[in-house]
Amino acid sequence: MSVSDPIADMLTKIRNAGMAKHEKVDIPTSKLKLEIVKILKIEGYIKNFKKVNQEGINVIRVFMKYDEETGPVIHGIEKISKPGRRVYTGYKKMPRVYNGYGTLIVSTSIGVTTGRKAAEKKVGGEIICTVW
């Protein structure tokens with residue numbers, strides 16, 4: 001079955017894997033998904049990831065990260081820009097997630113980056129999702 005929003009599907013798989021305390025989750029690959037997963041790794045929300053060829057299909061295997069006390073490191077992950085309603089912002093009005101404790105992932109003209117880095121480089125773009 002075809003998915004109308006593959007990024008939202010990826011975020012839901014990551015959210016559900018964290019709530020179910022799975023060690024890893026497999027996601028069909030794309031360039032945008034790979035960039036988002038790289039940001040999640042750099043920001044410390046996941047342990048690691050790797051590209052795997054599983055039965056002739058390329059997938060991204062995401063290894064989840066957990067705390068001893070609170071459970072999954074990803075407390076919430078939410079898609080902002082949807083196919084029916086795209087959300088764009090300039091660098092001056094870049095929103096903050098939980099007063100700076102969360103991460104905003106933005107697709108800009110210089111590539112997919114965090115909201116903080118986009119504001120530093122003075123570029124705006126489409127808000128993909130928030131993670132906290």
Side-chain angles (χ1 to χ4, degrees):
M1 185 173 137
S2 178
V3 178
S4 65
D5 191 359
I7 302 302
D9 185 53
M10 175 189 80
L11 298 177
T12 301
K13 284 182 179 186
I14 291 173
R15 184 184 318 111
N16 290 344
M19 290 179 2
K21 299 198 186 313
H22 288 292
E23 179 186 339
K24 63 186 185 298
V25 62
D26 289 343
I27 301 163
T29 189
S30 76
K31 290 179 184 177
L32 181 59
K33 290 178 189 178
L34 191 60
E35 291 300 316
I36 292 171
V37 170
K38 283 180 186 176
I39 290 173
L40 292 176
K41 167 74 170 114
I42 290 168
E43 294 292 319
Y45 290 108
I46 61 174
K47 260 192 221 174
N48 209 349
F49 70 94
K50 66 179 179 179
K51 288 174 68 174
V52 178
N53 191 334
Q54 191 176 39
E55 300 166 4
I57 300 169
N58 290 327
V59 296
I60 303 168
R61 184 161 290 158
V62 177
F63 296 94
M64 303 301 291
K65 187 174 183 180
Y66 298 96
D67 283 340
E68 291 80 29
E69 306 90 33
T70 59
V73 173
I74 297 177
H75 295 286
I77 188 165
E78 183 180 351
K79 181 89 161 86
I80 302 297
S81 190
K82 297 177 169 77
R85 181 176 178 262
R86 300 292 183 186
V87 179
Y88 298 93
T89 185
Y91 74 92
K92 291 180 183 175
K93 295 186 179 181
M94 195 69 66
R96 293 175 57 176
V97 182
Y98 283 103
N99 206 18
Y101 286 107
T103 303
L104 185 73
I105 299 178
V106 183
S107 176
T108 67
S109 58
I110 59 170
V112 178
T113 184
T114 64
R116 195 177 313 112
K117 290 180 184 173
E120 287 173 6
K121 294 183 179 181
K122 297 188 177 182
V123 291
E126 181 182 356
I127 301 173
I128 298 174
C129 64
T130 58
V131 186
W132 65 93

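Just the heavy atoms: all of them, side chains too, but no hydrogens, waters or symmetry mates, feed the values below. All residue numbers in this chain count up from 1 along the given sequence.
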Which heavy-atom pair separates Met64 from Ile14 by the least distance, and what is that distance?
-> CE-O, 3.5 Å
Would you say the side chain of Val73 lies within less than 4.5 Å of the side chain of Asp67, judging by non-hydrogen atoms?
-> yes
Give, for atom OG1 of Thr108 and atom OH of Tyr91, the distance between the pair rounded to the nearest 0.5 Å.
-> 14.0 Å
Measure from the side-chain N and O atoms of Lys41 to the backbone N and O of Phe49, and report whether any donor-acceptor pair falls under 3.5 Å.
-> no
Using atom types as modelled and distance alone, determine if a side-chain donor or acceptor of Tyr66 lies under 3.5 Å from a backbone N or O of His22.
-> yes
Residues Val106, Val123; criterion side-chain contact (heavy atoms from CB on, under 4.5 Å); working and verdict = CA-CA 10 Å; Val106 183; Val123 291; over 6 Å; no
Separation between CD1 of Ile105 and NZ of Lys79, rounded to the nearest 0.5 Å | 10.5 Å
Take atom NZ of Lys31 as the centre, draw a 6.0 Å sphere, and report whether it contains more than 12 heavy atoms from other residues, nucleotides or ligands.
-> no
To the nearest 0.5 angstrom, please state how far the CG atom of Asp9 sits from the NZ atom of Lys33.
-> 6.5 Å
Does a salt bridge link Lys117 with Glu120, judged by any charged N lying under 4.0 Å from a carboxylate O?
-> no
Short question: side chain of Lys51, backbone of Val59 - any donor-acceptor pair under 3.5 Å?
-> no
Distance, nearest 0.5 Å, that separates CD1 of Ile27 from CD1 of Ile7 | 9.5 Å
In this structure, are over 12 heavy atoms from other groups packed under 6.0 Å from Lys13 atom NZ?
-> yes
Would you check if the side chain of Ser81 reaches a backbone N or O of Val87 as a donor-acceptor pair within less than 3.5 Å?
-> yes
Glu23, CD: over 12 other non-hydrogen atoms inside 6.0 angstrom | no
Closest approach of Leu104 to Pro95 (non-hydrogen atoms, all atoms of both residues) | CD2-O, 3.5 Å
Does a sphere of radius 6.0 Å around CZ in Arg15 hold more than 12 heavy atoms from other residues, nucleotides or ligands, not counting ones at 6.0 Å or beyond?
-> yes
Are Leu32 and Ile77 linked, directly or through other ILVMFWY residues, by side chains that come within less than 4.5 angstrom of each other?
-> yes
Which heavy-atom pair separates Ala17 from Val25 by the least distance, and what is that distance?
-> CB-CB, 3.9 Å
Which pair of non-hydrogen atoms, one from Ile128 and one from Ser107, has the smallest distance, and what is that distance?
-> CD1-CB, 3.7 Å
Hey, any chance Leu34 and Ile46 share a hydrophobic cluster, counting ILVMFWY side chains that come within less than 4.5 Å of each other, even indirectly?
-> yes
What closest approach, in Å, do Tyr45 and Tyr101 show between heavy atoms, and which atom pair accounts for it?
-> OH-O, 3.8 Å
Is there a side-chain contact (heavy atoms from CB on, under 4.5 Å) between Ile39 and Val131 once you walk through the steps?
-> CA-CA 11 Å; Ile39 290 173; Val131 186; over 6 Å; no
Intermediate values then yes/no, side-chain contact (heavy atoms from CB on, under 4.5 Å), Met10 and Val62 = CA-CA 10 Å; Met10 175 189 80; Val62 177; over 6 Å; no
Is it the case that one hydrophobic cluster holds both Ile74 and Val97, taking links as side-chain heavy atoms less than 4.5 Å apart, direct or via other members?
-> no
Is the number of heavy atoms from other residues, nucleotides or ligands within 6.0 Å of CZ (Arg85) greater than 12?
-> no
Would you name the heavy atoms of Gly18 and Pro72 that are closest together and state the gap between them?
-> O-CG, 3.6 Å
Under the side-chain contact (heavy atoms from CB on, under 4.5 Å) rule, what do Leu11 and Glu78 come out as? Steps first, then yes or no, please.
-> CA-CA 7 Å; Leu11 298 177; Glu78 183 180 351; over 6 Å; no
